[in-house]
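Reviewing the structure listed below.
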Amino acid sequence: MTVVPMLKRTLVLDALLAVAIAVVGGGIGLWVAGTPGVLGAVIGAALTFVFMGLTALTVILAARTTKGDLLSPLFFGIVLGGWMVKLAIFLVVAIVFGRSPAIDPLVLFFTVVASVVGSLAIDVYAFMTSRMGYVSDVKLPHETGDSTPPKSSGES
């Protein structure tokens, strides 16, 4: 069982969301704060997409490193390390752009909030519509080489 197809699907949908938020947020930012609002919206949408990409990348890397053992401490360590990298990136961006007159901080904040909420909705949608099995390590009759169909309970 692998989560890679679901994460790839999530990344594509997150990219579409980031573009939509950048366009809508940029329009609202232009209306509310002018050019600094547009820059705040574009940076907020891009930052959120980078964060979602890092999440998918660390989960894929952790799953491959631990050979699918999702309960391995190494898996959790890799994912936690990714969160630390995201925290560091966020702090650097907040320090660099926090007091910059070229960016409207409120538009940046609301863009990031809208992007995170939208991305969480996408994650839920991708998880709920994924076609992953509920059990693993089960051999179906056609996988075992047995060509005879299983008998139903009504046959003798």
Side-chain angles (χ1 to χ4, degrees), residues 1-100 102-140 143:
M1 177 178 1
T2 178
V3 296
V4 174
M6 184 178 65
L7 290 173
K8 285 182 181 178
R9 182 177 181 194
T10 301
L11 277 177
V12 169
L13 294 173
D14 280 336
L16 294 174
L17 174 72
V19 169
I21 295 246
V23 169
V24 172
I28 293 171
L30 181 64
W31 179 60
V32 172
T35 305
V38 173
L39 290 174
V42 169
I43 289 172
L47 184 66
T48 304
F49 178 70
V50 167
F51 286 168
M52 297 310 128
L54 282 173
T55 298
L57 180 69
T58 57
V59 171
I60 290 170
L61 178 67
R64 287 186 179 163
T65 303
T66 62
K67 302 206 183 352
D69 183 13
L70 301 181
L71 297 177
S72 168
L74 182 60
F75 180 88
F76 289 110
I78 292 171
V79 173
L80 181 61
W83 287 344
M84 294 299 171
V85 168
K86 288 192 294 188
L87 178 63
I89 291 171
F90 176 77
L91 290 175
V92 167
V93 168
I95 290 169
V96 169
F97 294 122
R99 302 208 186 265
S100 173
I103 294 177
D104 186 81
L106 275 174
V107 174
L108 176 66
F109 172 76
F110 285 116
T111 303
V112 169
V113 169
S115 297
V116 168
V117 169
S119 181
L120 288 174
I122 286 172
D123 290 347
V124 168
Y125 170 76
F127 178 76
M128 296 299 289
T129 58
S130 68
R131 299 184 63 139
M132 296 181 73
Y134 291 102
V135 294
S136 62
D137 302 330
V138 174
K139 298 271 190 221
L140 297 175
E143 296 174 334

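Counting from 1, the numbers follow the sequence of the chain as shown. The basis for the numbers below is simple: all heavy atoms, side chains too, and nothing from hydrogens, waters or symmetry mates. Just so we're clear, the structure is a prediction, and the values are computed from it rather than from any experiment.
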remark   = Shortest non-hydrogen pair, D14 vs D123, comes out as OD2-OD1, 4.3 Å

task = Would you check if the side chain of S100 reaches a backbone N or O of V96 as a donor-acceptor pair within less than 3.5 Å?
result = no

message = With a 3.5 Å distance limit and no angle check, can you tell me whether S115 reaches the backbone of T111 through a side-chain donor-acceptor pair?
response = yes

note = By side-chain contact (heavy atoms from CB on, under 4.5 Å), V12 pairs with (sequence neighbours left out) none

query = Under a 4.5 Å cut-off applied to non-hydrogen side-chain atoms, are T65 and I78 in contact?
reply = yes

key: Gap between atom CG of L108 and atom CD1 of I43 - 0.5 Å precision   = 7.0 Å

key: Any T129 side-chain heavy atom under 4.5 Å of Y125 side chain   = yes

key: Smallest separation among heavy atoms of A126 and T10, with atom names   = CB-OG1, 3.3 Å

Contact check, side chains of I89 and F51, non-hydrogen atoms, under 4.5 Å = yes

ask   = In Å, rounded to the nearest 0.5 Å, how long is the span from CG of L57 to CG of L61?
value = 6.0 Å

task = Please test V50 against L54 for side chain to side chain contact (heavy atoms under 4.5 Å, CB included), starting from the C-alpha separation and ending with a verdict.
result = CA-CA 6 Å; V50 167; L54 282 173; 4.2 Å; yes

key: Note, L17 side chain near F49 side chain (heavy atom, < 4.5 Å)   = no

task = List for me each residue that meets side-chain contact (heavy atoms from CB on, under 4.5 Å) alongside I60, sequence neighbours excluded, and say none if there are none.
result = V4, L7, R64

query = Would you say R9 and I122 make side-chain contact, with heavy atoms under 4.5 Å?
reply = no

task = List the atom of A45, the atom of I21, and the distance in Å for their closest heavy-atom pair.
result = CB-CG2, 4.2 Å

message = Can you confirm whether L39 sits close enough to D104 that some side-chain heavy atom of one is under 4.5 Å from a side-chain heavy atom of the other?
response = no

ask   = So, T55 versus K86: side-chain donor-acceptor pair below 3.5 Å or not?
value = yes

task = Compare all side-chain heavy atoms of V107 with those of I28 and state whether any distance is below 4.5 angstrom.
result = no

key: Within 6.0 angstrom of F76 CZ, more than 12 heavy atoms from elsewhere   = yes

request  = Could you walk me through whether K67 and F75 pass side chain to side chain contact (heavy atoms under 4.5 Å, CB included), step by step?
outcome  = CA-CA 10 Å; K67 302 206 183 352; F75 180 88; over 6 Å; no

key: Shortest non-hydrogen separation from A62 to V79 and the atoms involved   = CB-CG2, 4.2 Å

query = Say you draw a straight line from CG of L13 to CE of M52; how long is it, rounded to the nearest 0.5 Å?
reply = 13.0 Å

